[in-house]
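The structure appears right after this line, and notes come after that.
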Amino acid sequence: MTAQPHLNVVPFVSVDNMMKLVHAIGVETFLRELCDFVEEDFCRWEHFDKTPRVAAHSHDGVIELMPTSDGTLYGFKYVNGHPKNTKSGRQTVTAFGVLSDVDNGYPLLLTEMTFLTALRTAATSAVAAKHLSRRGSRTMAIIGNGAQSEFQALAFKALIGVDRLRLYDIDRSASERCQRNLAQYGFEITVCPTSQEAVEGADIITTITADKQNAVILSDNMVGAGVHINAVGGDSPGKTELQKDILLRSDVFVEYPPQTRIEGEIQQMPADFPVRELWEVIAGKQPGRRGPEHITLFDSVGFATEDFSALRYVRAKLQDNPLFEDLDLLADPDEPRDLFGMLLRAAAWSEPRGLDHEARKN
Ligand code: NAD
């Protein structure tokens with residue numbers, strides 16, 4: 001992928017090739033390496049052009065554009081969130097994204113990002129937990145065992161050594177599927193009949209449900225001293241998972257406050273509710289956990305820099321794993337200003353009757 005033979009060719013990573021890439025690298029290695037890229041970009045947070053994502057809300061979901069740039073590369077992701085989708089055989093979350101060269105504006109990569117979103121969300125959660133959870137945390141409760149759940153479990157295992165899972169979902173078959181899918185990865189897994197039982201003895205609680213409402217997935221009495229909460233499913237206005245009282249007892253860490261105040265758990269709180277920025281903890285500018293008895297809460301909503309890190313990682317890995325197709329995405333007339341001439345020349349071989357015929361007809 002180093003030298004592009006034609007200026008119009010953009011490497012495209014399909015869903016099929018993304019799965020092949022994950023297998024070629026190994027899912028845990030992929031997650032661990034992706035964590036490094038995510039951390040690296042959090043450490044240079046001030047270099048990024050940041051803005052809350054542009055969200056188009058509808059009755060049942062949201063479609064979002066998530067752009068950012070570090071001045072050299074520009075990335076954006078198109079992503080949806082439609083909790084009702086699984087009922088019609090669709091994903092709650094699907095995505096694709098682009099990485100471009102800021103210098104000339106040309107795309108360098110177009111890729112599926114449904115898998116990549118699950119991987120980067122899990123990697124970001126694991127990075128947050130590495131800095132915020134108690135040392136030696138091994139047991140994680142996962143409430144909500146849908147598409148994202150296995151990725152979360154594997155990232156926490158790869159990065160901080162979580163090896164005991166306590167699963168709960170309102171649909172028990174989802175927990176059983178998650179248990180089956182993770183059978184080969186060396187976890188001790190308990191499927192729990194209630195969320196209360198799932199959180200018993202957990203060092204880390206991940207909430208990752210999909211429901212477009214202010215839900216109470218975790219109530220205050222379920223959260224004991226010293227726990228780290230990885231709250232991932234509340235990521236849109238009117239879509240939260242935690243009882244407000246939990247926020248009052250926790251040290252809350254967020255990605256980008258202007259976005260999280262609209263979309264995260266803290267949308268339930270006043271605009272001046274104190275939060276700390278995750279990047280400052282990762283970059284060593286702020287302390288993370290204050291002590292073993294404190295409750296830490298990562299109020300995850302997903303931020304554009306994490307997608308940027310993922311796009312950057314995939315582009316780097318394609319150099320040794322050419323799992324992409326060349327996409328004829330950009331026009332490249334021999335003389336750059338002769339765009340119409342290129343169209344005319346194409347008529348000669350693509351349309352038997354050519355443009356003249358069209359012109360006469362009109
Ligand atoms: P999914 O639809 O595949 O799975 C959601 C699961 O939650 C389902 O199995 C469902 O039965 C379960 N569930 C719903 N209500 C529940 C409840 N009250 N208690 C227990 N389980 C319940 O969705 P997904 O792709 O796994 O995404 C999960 C959530 O994570 C979504 O809300 C999505 O928007 C969010 N998300 C956040 C980020 C981020 O960066 N913060 C990234 C990706 C997805």
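All values derive from a computational prediction rather than experimental measurement. One-based numbering, in listed order, for ligands and for the atoms of each.
- Between D16 and K20 there is a salt bridge, with a side-chain nitrogen of the basic residue lying less than 4.0 Å from a carboxylate oxygen of the acidic one.
- Counting heavy atoms closer than 4.0 Å to ligand 1, residue N85 contributes nothing at all.
- Of the polar atoms of Q148, at least one N or O is found under 3.5 Å from an N or O of ligand 1, judged by distance alone.
- Each of the following atoms of ligand 1 lies closer than 4.0 Å to a heavy atom of T121: 38 (C), 39 (C), 40 (O), 42 (C), 43 (C).
- Not less than 6.0 angstrom separates the ring centroid of F298 from the ring centroid of F253.
- For ligand 1, the atoms sitting less than 4.0 Å from at least one non-hydrogen atom of V301 are 39 (C), 40 (O), 41 (N), numbered in the order shown with element in parentheses.
- Atom CG in L329 sits 6.5 Å away from atom CG in L110 (nearest 0.5 Å).
- The option with the heavy atom closest to atom 5 (C) of ligand 1, from among S195, A210, G144, is A210.
- Under the 30°/60° scheme for interplanar angles, the aromatic rings of F30 and Y313 are found to stand perpendicular.
- Checked against a 3.5 angstrom limit, the closest N/O atoms of I217 and ligand 1 fall outside it.
- When the shell of 6.0 Å around CZ of R345 is examined, it contains more than 12 heavy atoms from other residues, nucleotides or ligands.
- Counting heavy atoms under 4.0 Å from ligand 1, residue I170 touches it through both backbone and side chain.
- The list of salt bridge (charged side-chain N to carboxylate O under 4.0 Å, His left out) pairs with a residue in residues 263-274, not counting sequence neighbours, reads R53-E263.
- W279 does not carry K285 over the face of its six-membered ring by the limits of under 6.0 Å from the centre and within 45° of the normal.
- What sits closest to atom 4 (O) of ligand 1 on the protein, heavy atoms only, is G146 CA, 3.1 Å.
- In this structure, Y74 and F76 have tilted ring planes: the angle between them lies in the 30° to 60° band.
- Nearest to atom 2 (O) of ligand 1 among the protein's heavy atoms is T92 OG1, 2.6 Å.
- The closest approach between a heavy atom of R120 and any atom of ligand 1 is below 4.0 Å.
- Listed by chain and residue number, F303 satisfy the ring-ring contact (aromatic ring centres under 6.0 Å, His included) test with Y256 (two or more places apart in sequence, or in another chain).
- Looking at ligand 1, you won't find any N or O of T86 less than 3.5 Å from one of its N or O atoms.
- Polar contact check, A147 against ligand 1: a nitrogen or oxygen pair lies under 3.5 Å apart.
- When heavy-atom distances to ligand 1 are checked against a 4.0 Å cut-off, I208 comes that close through both its backbone and its side chain.
- Salt bridge annotation for R180-E176: absent, with no cationic side-chain nitrogen under 4.0 angstrom from a carboxylate oxygen.
- Electrostatic pairing of R120 and D307 counts as a salt bridge here, judged by a charged N lying under 4.0 Å from a carboxylate O.
- Only the side chain of A174 comes within 4.0 Å of ligand 1, counting heavy atoms alone; its backbone N, CA, C and O stay farther away.
- Using a 4.0 Å heavy-atom cutoff, K239 is listed among the residues neighbouring ligand 1.
- Nearest to atom 41 (N) of ligand 1 among the protein's heavy atoms is S300 OG, 2.9 Å.
- The nearest non-hydrogen atom to atom 11 (O) of ligand 1, considering only I143, D171, D169, comes from D169.
- Atom NE2 of H57 has more than 12 heavy atoms from other residues, nucleotides or ligands within 6.0 Å.
- In V232, the parts holding a heavy atom less than 4.0 Å from any atom of ligand 1 are both the side chain and the backbone.
- The residue among D211, T209, D235 with a heavy atom at the shortest distance from atom 31 (C) of ligand 1 is T209.
- Heavy-atom distances between G81 and ligand 1 stay at or above 4.0 Å for every pair.
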